Amino acid sequence: MPEAPAVTPDEPVIAAVGLRKRFGTFEAVRGLDFTVTRGECFGFLGPNGAGKSSLMRMISSVSPTSDGRLRIFGLDPATDGPAIRARMGVVPQTDNLDQELTVEENLIIYGRYFDLPRSECRARARELLDFVKLADRAGSRVEPLSGGMKRRLTIARSLINRPELLLLDEPTTGLDPQARHVLWERLYQLKEQGVTLVLTTHYMDEAEQLCDRLVVMDHGVIVAEGSPRGLIDEHATREVLELRLAASDRTGIAGHLGDLAVRVEDLPDRVLVYTPDGDAALAILRAAGIHPVGSLVRRSSLEDVFLRLTGRTLTD
Amino acid sequence: MSTPLAIRVWEGQLMTVWRAWRTAVALSLTQPIIFLLGMGLGVGALVDDRVGSATSLGGLSYLQYLAPALLATTAMTAGSFEATYPVLDGFKWRRTFEGVSATPVDPRGVVHGLMLWWTTRLVIGSLGVGLALMVIPSTRGWGVPVAMLASIPTGLAFAAPLASWTATREDETSFPPIQRFVITPLFLFGGAFYPIESLPAALRPVAWATPLWHGVQLCRDLSVGALVASDTIVHLTVISAWIGAGYVACRIAFDRRIRR
Amino acid sequence: MSQTVSTLTRVLPALPGTLRRSSRMVERSVMVYRRTWMIIVSGFFEPLFYLLSIRIGFGALIGDVTVDGVSIGYAEFVAPALMASAAMNGAVYDSTMNIFYKLKHAKLYDTVLATPLGPTEVAAGEIMWALLRGFLYSVAFLVCITALGMASSPWILLAVPACLLIGFAFAAMGMAITTYMRGWNDFEFIPAATLPMFVFSATFYPLSAYGDWAWIVQVSPLYHGVALVRAAALGDAGWGIVGHVAYLLVMAAIGIRIAGVRLSTLLRT
Ligand SMILES: Nc1ncnc2c1ncn2[C@@H]1O[C@H](COP(=O)(O)OP(=O)(O)OP(=O)(O)O)[C@@H](O)[C@H]1O
Ligand SMILES: [Mg+2]
């Protein structure tokens with residue numbers, strides 16, 4: 001791990017104020033304010049096109065900001081890009097491995113870009129290949145690897161310089177459950193060691209598992225911010241009652257439940273009742289003569305929050 | 001059944017170059033003219049100044065000697081290119097041949113379509129040099145269009161055998177060496193720029209075995225109107241033999257590749 | 001040969017910051033070509049074939065030519081020009097098709113820019129690699145020329161740095177032009193520029209043969225390259241050399257500048 005952190009513990013690793021990104025006339029990121037502190041895992045959630053990757057690329061100091069203030073390790077990416085990037089690991093959304101090199105060479109040369117001595121690169125490459133279970137493919141070209149293997153290699157590559165800050169843009173997309181869990185464990189270990197993690201994901205369970213804090217983005221702006229638990233408490237009820245009902249029973253549910261139904265959502269295939277107590281709500285409905293074809297009481301999840309905040313319909 | 005498929009292969013190949021046709025046509029017309037002006041006129045002046053050079057060139061000026069030979073070398077270059085990268089492209093990257101033959105599996109149609117395409121491509125390629133020959137007064141003549149036609153089998157004599165080799169390849173690594181050790185030496189030593197009598201005696205039979213030397217002779221004799229019947233028969237026989245062997249090899253190799 | 005290369009890259013880390021970071025791109029290319037060294041080695045045969053052809057064929061047809069009142073064998077006259085042209089062609093290939101593939105298809109530079117390397121360092125590194133390759137080819141060319149007895153002056157050793165300069169100028173300009181390429185079809189224009197230069201740069205006959213049109217020839221950058229290499233090969237020093245060097249240096253500087261700026265705007269979106 002980095003011997004002498006240039007940031008004091010209370011100074012944010014990333015600080016953004018009014019951050020914007022424009023592509024021509026289109027504005028992908030429209031004024032973000034957030035800070036990420038040392039050692040935490042910070043997540044960005046948001047539907048497709050929300051601006052997550054655009055933001056990640058600005059943080060990784062390759063994409064210039066259009067407006068606002070961005071500081072990483074207290075440095076300005078516009079002037080100190082190389083110094084910032086030297087202390088950072090990046091897993092981009094799409095794998096961009098070096099197709100002309102082998103699996104092992106991909107890691108070695110990447111380490112060389114960070115000025116690591118050759119022997120060190122080789123040693124770390126071996127260790128990382130073991131970690132992502134690609135040691136037996138070390139001499140293989142990248143092209144014939146499966147999608148998940150390429151993803152694992154990209155993740156291994158991002159760790160070669162033992163970064164203080166790791167940016168992961170949808171790291172587990174395309175990974176099988178085993179690989180996903182192994183990665184989660186490793187990310188947890190890294191966090192324990194003081195590495196700051198910033199990730200985007202479309203898997204709510206992943207965000208709940210990993211993130212200390214997260215923001216939900218939509219159309220380039222932040223629509224909510226907090227811890228996973230805090231967001232659920234704030235934007236959802238404790239429980240959700242899912243009902244499959246005959247068409248005639250659908251209307252008037254809210255009327256029967258009164259205060260017990262904070263919100264009722266009428267979906268094509270089922271009805272969702274957001275409620276502090278699902279079993280009590282179900283009992284009341286049964287007593288009122290409504291007999292669901294199927295019913296399920298569950299704790300509300302981050303997914304409920306996400307859908308609540310960003311809507312159920314597909315945005316562009 | 002096979003004819004329409006052949007036509008579809010031909011069409012497919014044509015469409016891929018059609019988009020760039022303006023550049024391609026403009027370049028294939030101007031490049032030979034530039035080369036001829038530079039080499040034929042400039043070097044020609046040096047050659048023609050020297051006493052005795054005309055004798056070794058069979059009484060021709062250097063421009064008259066070189067220009068028709070370029071019909072044959074251009075055909076060789078085009079034919080050998082078309083039989084390598086684009087053919088591998090069809091098998092491997094774009095998989096057009098496999099796509100084309102997916103319904104009724106018919107490697108024969110693919111081979112025929114390619115032969116048709118190469119011919120088209122060679123005709124287009126011969127226009128540039130042909131035009132240059134017609135523009136320059138000392139090379140103008142009725143033999144030029146016939147010589148242009150004669151360059152087409154020369155190109156096919158390279159394309160067909162090479163395509164059968166390409167059909168057995170998984171990647172393009174062998175193409176640069178072919179270019180370097182076969183095509184370039186033939187271009188330089190194959191009798192286009194100077195008589196092969198200049199070569200060491202041991203190398204001359206090698207030149208005689210290649211389709212290029214025969215193509216060069218054929219185009220040259222035709223364009224200056226100095227055809228000798230017996231020689232012409234030999235030239236045509238050698239070139240046809242290469243095309244025939246290449247065709248058979250293609251049929252076998254494409255069959256194996258597509259049906260595997 | 002790969003021995004030479006790895007020795008060279010081992011020396012490079014001693015260089016300061018930017019240069020050292022650029023050298024990482026060279027290191028990568030060495031890694032890639034280590035497996036396909038046969039292609040590079042087989043490239044050494046090309047000069048041999050060309051030189052032999054000139055000697056066997058044209059030597060017999062042409063005999064001697066007169067340059068500035070001095071009569072020399074035709075092969076001796078053309079060999080330096082072929083060496084200069086080879087330096088141009090190698091640099092152009094490395095800096096156009098090769099770079100375009102890495103830029104647009106392999107997205108290599110997107111990867112590299114996530115590391116401490118910046119766009120200018122990437123551009124410089126790729127040009128360094130083109131030069132390194134050019135250096136190896138030039139040496140091979142020189143060996144062929146000497147072995148075939150086509151060199152008359154020991155000054156011909158200076159043809160190697162001259163070829164490096166040619167390679168530098170063309171690689172820089174080639175890279176600058178490549179950043180404007182929209183697709184593979186645009187590369188058809190490259191030979192449209194290099195072929196006329198190859199034919200009309202006092203390559204195959206003296207400048208005097210062009211008469212009143214000589215000034216057009218003198219616009220061609222390859223002409224200045226040919227003149228430099230020929231001066232070295234014939235041991236023929238003169239003030240003109242300063243002009244040739246200056247021309248190529250200016251071309252290199254303009255190319256580097258454009259390539260750096262353009263790569264930044266292309267990659268830093
Ligand atoms: N280089 C670019 N040029 C123009 N527009 C861009 C560019 N990159 C991104 N955009 C646009 O910016 C918007 C946000 O894209 P971005 O990739 O940041 O979304 P995202 O949140 O990462 O989405 P996803 O979940 O699909 O990965 C999109 O509308 C996209 O079209
Ligand atoms: Mg994204």
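Chain identifiers are assigned alphabetically (A, B, ...) following the order of the sequence lines, protein sequences preceding nucleic acid strands; residue numbering begins at 1 within each chain. Source: prediction; values computed, not measured. Atoms considered below: every heavy atom in the structure, side chains included; atoms not considered: hydrogens, waters and symmetry mates.
Neither the backbone nor the side chain of A/S54 comes within less than 4.5 Å of any heavy atom in chain C. With a 4.5 Å cut-off on non-hydrogen atoms, C/L108 touches chain A through its side chain but not through its backbone. Contact annotation for C/Y101: only side-chain heavy atoms (C-beta onward) come within less than 4.5 Å of a heavy atom of chain A.
Under the 4.0 Å criterion applied to side-chain N and carboxylate O atoms, A/E164 and A/R85 are not assigned as salt-bridge partners.
Listed by first and then second residue, the side-chain hydrogen bond (donor to acceptor under 3.5 Å, both in side chains) pairs involving residues 106-119 of chain C are A/N96-C/T111, C/Y109-C/E126 (not counting sequence neighbours).
Note on A/Q99, A/M88, A/E105: by heavy-atom pairs under 4.5 Å with chain C, the leading option is A/E105. Interface summary for chain C: among A/I108, A/N161, A/L101, A/V90, the most heavy-atom pairs under 4.5 angstrom belong to A/L101. Between chain A and the residues C/R21, C/R28, C/K102, the most heavy-atom pairs under 4.5 angstrom are made by C/R28.
By the 30° and 60° cut-offs, the orientation of the rings of C/F100 relative to C/F187 is perpendicular.
Under the rule for a ring-ring contact (aromatic ring centres under 6.0 Å, His included), C/F141 has no partner lying at least two apart in sequence or in another chain.
When only modelled atom types and interatomic distance are considered, A/K21 and A/S63 share a side-chain donor-acceptor pair under 3.5 Å.
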